[in-house]
Participant: 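Quick one: the structure is below, and I'll ask about it shortly.
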Amino acid sequence: MKRARIVGTGAYVPEAVLTNRDLEQRIETTDEWIVSRTGIRERHIAAEGEHTSDLAARAARAALEMAGVGAEDIDLIVVGTITGDFPWPATACLVQEKIGAKRAFAFDVSAACSGFVYALDAAVKQIQCGAVRKALVIGAEILSRIVDWEDRNTCVLFGDGAGAVVLSAEEGEHGVLSTHLHSDGSYWELLYQAGFGARNPATAQGLDARLPYLKMQGNEVFKVAVRMLTEVAQEALAHNGLQVEDIDLFIPHQANRRILEAVAKRLHLRDEQVFINVDFYGNTSGASIPIALDEVNRAGRIKAGDLVLFDAFGGGFTWASALVRW
Ligand code: UT7
């Protein structure tokens, strides 16, 4: 069976930065509250006319360039997103057109903040079964267009951006060693967007009821997130016969510094093993893991042979891990 090896990474975040101080001018909040409760200091916000597919295409081009792979060599594009350009067609198809990946087939995966790891799993399986040789896996979001800018409980948390990896079918020991995916739909109402879809189609009343905006019961999400992120990481270690010390780099979904520190503590991870950059991007949902991965990769922090563990949790609820030998 072929392995899916990550041969390039890329990321793109919009230019405009919204700081906590900027938010203090707009809503009843403080930099102190946001930093102490979440670790977030600033986030990037997409410009008018800048679409999720634009962010995704920029991240994809950077990953292709690093990999030395041409867009025409890509067989598959999977985008993990909950803020695609349109309900349909898939943002992956728009990315295909933008980068000129003429031979690829393309689809989106909807798994909220677990979207990148779910998308990665889909692409890895296509490679393992021999159907695909080269794939682009992208996490891309413009959360700023679905947050309620009048709801201080949520609007301070999220940011926009995209990250991408190029996967190549290879022989040998390097590549994705395992993926574990889970869902529990009984929690769907704790984190969701009620409109406008087929259940709540567009109406003026729906807009007044603020249905098109993200809703979250933060406290409840927090507790389950810590538990599931811990469990699915332990599952990956057990499946591969590894101990926590064997992990060179733990890259969790960047939701909230307190969540990540609680998970790291439960797993007995040392600080040097854990990568956190939520301070500068906020929660970019499906984009957070590939943005973080690209940052550490370009900083030269990952060596060939290192074990890198991705750990994600999001709306649905969904949660997932992927273990990679670099
Ligand atoms: O991406 C995956 C899914 N999402 C997550 O993983 C997010 C999970 N949840 C969280 O990160 C945290 O629950 C939050 C950061 C959202 C909230 O932190 P918390 O420690 O759980 O605070 P809380 O919800 O218990 O709220 C505490 C207080 C409330 O005031 P009262 O009712 O105690 O008087 C809020 O009204 O903080 C108030 N508050 C704020 N104050 C200033 C809520 N948002 C703000 C704000 N500025 N922006």
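Whatever order the structure lists ligands and atoms in, that order sets their numbers, starting from 1.
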Participant: May I ask you to identify the nearest protein heavy atom to atom 14 (C) of ligand 1, giving residue, atom name and distance to one decimal place in Å?
Facilitator: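 For atom 14 (C) of ligand 1, the nearest protein heavy atom comes out as Asn256 ND2, 4.4 Å.
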Participant: Which protein non-hydrogen atom lies closest to atom 4 (N) of ligand 1, naming both residue and atom, and how far is it?
Facilitator: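 It is Met216 SD, 3.5 Å.
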Participant: Quick one: does any side-chain atom of Asp54 pair with a main-chain N or O of His51 as donor and acceptor, under 3.5 Å?
Facilitator: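 Pair found, side chain donor or acceptor close to backbone of His51.
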Participant: Report the residues that fulfil side chain to side chain donor-acceptor pair (under 3.5 Å) with Asp73, sequence neighbours left out, ordered by chain and then residue number.
Facilitator: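 Partners of Asp73 by the side chain to side chain donor-acceptor pair (under 3.5 Å) criterion come out as none, since no residue qualifies.
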Participant: How close does the nearest protein non-hydrogen atom get to atom 24 (O) of ligand 1, and which residue and atom is it?
Facilitator: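 Of the protein heavy atoms, Asn219 ND2, 3.6 Å lies nearest.
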Participant: In terms of residue, atom name and distance, what is the protein heavy atom nearest to atom 17 (C) of ligand 1?
Facilitator: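 Looking only at protein heavy atoms, the one closest to atom 17 (C) of ligand 1 is Trp33 CH2, 4.0 Å.
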Participant: Under 4.0 Å from a heavy atom of Thr38: give me the atoms of ligand 1 that qualify, with their elements.
Facilitator: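 With Thr38 as reference, the close atoms of ligand 1 come out as 15 (C).
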Participant: Is the shortest distance from a Lys or Arg side-chain nitrogen in Arg103 or Glu72 to a carboxylate oxygen in the other one below 4.0 Å?
Facilitator: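 A salt bridge is absent here (no side-chain N lies under 4.0 Å from a carboxylate O).
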Participant: Would you mind listing which atoms of ligand 1 come within a distance below 4.0 Å of any non-hydrogen atom of Ala255?
Facilitator: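 Selected atoms, number and element: 1 (O), 6 (O).
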Participant: Please report the shortest heavy-atom distance between Ser285 and Glu141, naming the atom on each side.
Facilitator: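 For Ser285 and Glu141, the tightest heavy-atom pair comes out as OG-OE2, 3.1 Å.
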Participant: Any chance you could measure Leu181, atom CG, to Asp121, atom CG, to the nearest 0.5 Å?
Facilitator: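 CG of Asp121 is found 4.0 Å from CG of Leu181.
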Participant: Between the side chains of Glu65 and Arg61, is the shortest nitrogen-to-carboxylate-oxygen separation below 4.0 Å, so that they form an ion pair?
Facilitator: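 No, Arg61 and Glu65 are not salt-bridged.
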Participant: Hey, is Thr154 touching ligand 1 through its side chain, its backbone, both or neither, going by heavy atoms under 4.0 Å?
Facilitator: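 Neither; nothing of Thr154 gets under 4.0 Å from ligand 1.
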Participant: Looking only at protein heavy atoms, identify the closest one to atom 6 (O) of ligand 1 and say how far it is in Å.
Facilitator: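 Scanning the protein heavy atoms, the shortest distance from atom 6 (O) of ligand 1 goes to Ile259 CD1, 3.2 Å.
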Participant: Considering the heavy atoms of Cys113, write down every atom of ligand 1 situated less than 4.0 Å from one of them.
Facilitator: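 By the 4.0 Å cutoff, the relevant atoms are 1 (O), 2 (C).
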Participant: Using a 4.0 Å cut-off to any heavy atom of Phe313, which atoms of ligand 1 qualify?
Facilitator: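 Reading through ligand 1 atom by atom, the close ones are 2 (C).
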Participant: Does the protein put a heavy atom less than 4.0 Å from atom 32 (O) of ligand 1?
Facilitator: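 Not a single protein heavy atom is under 4.0 Å away.
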Participant: Identify the closest protein heavy atom to atom 1 (O) of ligand 1: which residue and atom is it, and at what distance?
Facilitator: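 For atom 1 (O) of ligand 1, the nearest protein heavy atom comes out as Asn283 ND2, 2.7 Å.
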Participant: Strictly less than 4.0 Å: does any protein heavy-atom distance to atom 29 (C) of ligand 1 fall in that range?
Facilitator: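 Flag for atom 29 (C) of ligand 1 set to false, no protein heavy atom closer than 4.0 Å.
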Participant: If I compare all heavy atoms of Phe313 with all of His253, which pair ends up nearest, and what's the gap?
Facilitator: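 The answer is O-CD2, 3.4 Å.
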Participant: Looking at Glu170 and Arg3, is there a salt bridge between them, counting it only when a charged N and a carboxylate O are closer than 4.0 Å?
Facilitator: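 Salt bridge: no.
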Participant: With distance as the sole criterion, is a donor-acceptor pair present between the side chains of Tyr118 and Ser183 under 3.5 Å?
Facilitator: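 Per modelled atom types, Tyr118 and Ser183 side chains form a pair under 3.5 Å.
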Participant: If you measure from the Lys or Arg side-chain nitrogens to the Asp or Glu carboxylate oxygens, is any gap between Arg21 and Glu24 under 4.0 Å?
Facilitator: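 Result for this pair is yes, salt bridge flagged.
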Participant: Would you say Ile45 ends up clustered with Val147 if hydrophobic residues are merged whenever their side chains have heavy atoms under 4.5 Å apart, either directly or through other cluster members?
Facilitator: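 Same cluster.
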Participant: For Asp271, I'd like to know if atom CG has over 12 heavy atoms of other residues, nucleotides or ligands within 6.0 Å.
Facilitator: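 Not buried by this count: 12 neighbours or fewer within 6.0 Å.
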Participant: Using a strict cut-off of 4.0 Å, indicate which atoms of ligand 1 neighbour a heavy atom of Arg258.
Facilitator: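 Once the distances to Arg258 are compared, the set is 18 (O), 20 (O).
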Participant: Suppose I only count heavy atoms of Val156 and a 4.0 Å limit; which atoms of ligand 1 are within that range?
Facilitator: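 Those of ligand 1 that fall under 4.0 Å from Val156 are 48 (N).
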Participant: For atom 47 (N) of ligand 1, find the nearest protein heavy atom and state the residue, atom name and distance (0.1 Å precision).
Facilitator: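 Protein heavy atom at minimum distance: Thr29 OG1, 2.6 Å.
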Participant: Just to be sure I'm reading this right: ignoring hydrogens, which of Val221, Leu157, Leu229 gets closest to atom 16 (C) of ligand 1? Compare them by their nearest heavy atoms.
Facilitator: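 Result: the heavy atom closest to atom 16 (C) of ligand 1 is in Leu157.
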Participant: In terms of residue, atom name and distance, what is the protein heavy atom nearest to atom 20 (O) of ligand 1?
Facilitator: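 Ranked first by proximity to atom 20 (O) of ligand 1 is Arg37 NH1, 2.8 Å.
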Participant: Just jot down the ligand 1 atoms closer than 4.0 angstrom to any heavy atom of Leu191, in number order.
Facilitator: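 Near Leu191, the atoms of ligand 1 are 3 (C).
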Participant: Using heavy-atom distances, let me know which of Ala312, Ser36, Cys155, Gly218 sits nearest atom 13 (O) of ligand 1.
Facilitator: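 The nearest heavy atom belongs to Gly218.
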